[in-house]
Amino acid sequence: MNKSWSELNRKMQIQLKKEATFADGIETLFELRKELMQAAVRFSSGEITRNAQTARLSQSETNL
């Protein structure tokens, strides 16, 4: 889990525990869900794989 997702998850859990911030926790949950779904779509489209391959190629060229 990346740092941003981890922070959103932690924030959401804290907000959901209190009645006064429960609605904010739901909003944070939807924000986290949106980010995770965007990452899943990028992964399924191969964008993440292509970016990782490009990064590895660039790094190996640097090491030559």
Notebook entry, point to check: In the single-linkage hydrophobic clustering (I, L, V, M, F, W, Y; side-chain heavy atoms under 4.5 Å), do Leu32 and Phe30 co-cluster?
Noted result: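 Cluster IDs for Leu32 and Phe30 differ.
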Gap between atom [atom2] of [Y] and atom [atom1] of [X] - 0.5 Å precision:
{"X": "Arg33", "Y": "Met12", "atom1": "CZ", "atom2": "CE", "answer": "13.0 Å"}
{"X": "Lys11", "Y": "Asn9", "atom1": "NZ", "atom2": "CG", "answer": "12.5 Å"}
{"X": "Leu29", "Y": "Leu16", "atom1": "CG", "atom2": "CG", "answer": "7.0 Å"}

Check: Can you tell me if CD on Glu19 sees more than 12 non-hydrogen neighbours from other groups inside 6.0 Å?
Finding: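 It does not: Glu19 CD has 12 such atoms or fewer within range.
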Item checked: Polar side-chain atom of Ser6 near backbone of Asn2 as donor-acceptor pair, under 3.5 Å ->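 Flag not set: sc Ser6 to bb Asn2 has no pair under 3.5 Å.
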Checklist line | Sole candidate of Glu7, Gln13, Gln15 that passes side-chain hydrogen bond (donor to acceptor under 3.5 Å, both in side chains) when paired with Thr28 | finding: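 Single pass found, and it is Gln15.
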Check: Quick one: side-chain contact (heavy atoms from CB on, under 4.5 Å) partners of Glu35, sequence neighbours excluded?
Finding: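 side-chain contact (heavy atoms from CB on, under 4.5 Å) list for Glu35, sorted by chain: Ser4, Trp5, Leu8, Glu31.
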